[in-house]
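Reviewing the structure listed below.
Keep in mind that this is a model prediction, so the values were computed, not measured. As the structure lists them, so they are numbered: ligands from 1, and atoms in each ligand from 1.
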Amino acid sequence: MIYKRSSALFAEAEKVIPGGVNSPVRAFKAVGGTPIFVKSAKGAYLYDEDGNRLIDYINSWGPMILGHAYEPVVEAIIEKAKLGTSFGMPTELETQIAALAVSMVPNIDKIRFVNSGTEACMSAVRLARGFTKRDRIIKFAGCYHGHSDSFLIQAGSGAVTFGTPNSPGVTEGTAKDTLLAKYNDLENVKTLIEANKNEIAAIIVEPVAGNMGCIPPVKGFLEGLRELCTANGILLIFDEVMTGFRLARGGVQELFNIKADIVCFGKVIGGGLPVGAFAARAEIMNFLAPLGPVYQAGTLSGNPLAMAAGLAMLQALDSDRDIFKRLEEKTAYLGAGIERVLRANNVVFTINTIGSMISVHFDANPVTDFKSAAAGDNETFKKFFHGLVAEGVYIAPSAYETWFITDALTYEDLDFTINAIDKISKTF
Ligand SMILES: *Cc1c(COP(=O)(O)O)cnc(C)c1O
């Protein structure tokens, strides 16, 4: 494939945007080469500025679960735009999407909308601190909760790809209130709680991790976190920005039947527009301004275009009772196919998968936490990535990312992808 125009556009972008991108992982630093500039996308396909077509396994990092330019979402945005794009005043639409989200997700009474997953997680932690009157939080190495200060401590994906797990600009004062635990290791969490009695406001966790590849929780891990939180007056925050409305209608809470105290959303909930949200039972949510003392606000929060897109997306997912099963079947088919061809070509690998999330790791050992995810062979990943792009298949340009399966993918697309992997892995 030819990337003449992408290369030229990147050179122009680099002059006026740091690194040429508005979010670091897009710059291809981990894999080398020039980022591909997108012109348009429809269904399962991206069309770049050089006229190449790519089967897309990133889907805007999750939101496009029903495929790109999904008609009902696009229609909803167009119709709303004609009526005005922002008011900074309440609209009926906000109540409609809130009511639908509350009906789909277990164990929440109220939800507040913000503009990104970062904002959702940042606000959830402030709310937890205000509610418990404690300062510290526990997060897990390799889990990503957006780019706010408290979370940039071994933060997975983008942050890890660049080897700056602790970003300059995050003060020591902030960092000392974030305690770092090992994913899937309850004993480690227990030790931290013991050492910080009555000081921990919240444990924030990706209940299925997706920012160090896809790492499902081991049996008993989430149950154990729930028990520890309940026993110690700690709030359990499920960061379901990636998994919410993806792994099940009600997210991981429903999938594993575990109650979180606060749940964060992003990605799918906005249907591809900038939306995040956090939700909890009324007792906790009523702690927020204007009812309670914890301040949180946003000029564009609940923006009508964003809410229209999100509502159309949630309605589509809510009314399609087979969607999550269909996605899981496609993902399992892809996973089995990749496993078959990699094994036939003597490649050392581990595949992790759950629902519509899947990741391929170039290491023989099980990948269960950040350390094992980091053990993968990045040189092989680079060949894998560029080989796939040359065949017309786009995966994330980092070995720490999950692939997101969209309903728009056909079995022909999946076979095409498996054959492409067969072809390129012969050359590893
Ligand atoms: C993407 C992501 C975020 C951050 O969301 P943004 O919208 O990029 O700010 C937070 N948590 C998880 C689990 C994510 O995957």
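Judged purely by distance below 3.5 Å, without hydrogens or angles, the side chains of Glu94 and Thr91 pair a donor atom with an acceptor atom. For the residue pair Thr417 and Tyr57, a side-chain donor N or O sits within less than 3.5 Å of a side-chain acceptor on the partner.
Within the structure, salt bridge (charged side-chain N to carboxylate O under 4.0 Å, His left out) pairs that include any residue of residues 235-248 do not occur (at least two apart or interchain).
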Report task. Evaluate salt bridge (Lys or Arg N to Asp or Glu O under 4.0 Å) for Lys190 paired with Glu187, printing each intermediate quantity in order. Result -> CA-CA 5 Å; Lys190 263 186 219 162; Glu187 283 309 313; 3.1 Å; yes
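Protein residues with any heavy atom under 4.0 Å from ligand 1: Ser116, Gly117, Thr118, Tyr144, His145, Gly146, Glu206, Asn211, Asp239, Val241, Met242, Lys267.
Cation-pi geometry between Arg53 and Tyr45 is satisfied (NZ or CZ under 6.0 Å from the ring centre, within 45° of the ring normal).
Between Phe385 and Phe28, the ring center distance clears the sub-6.0 Å criterion.
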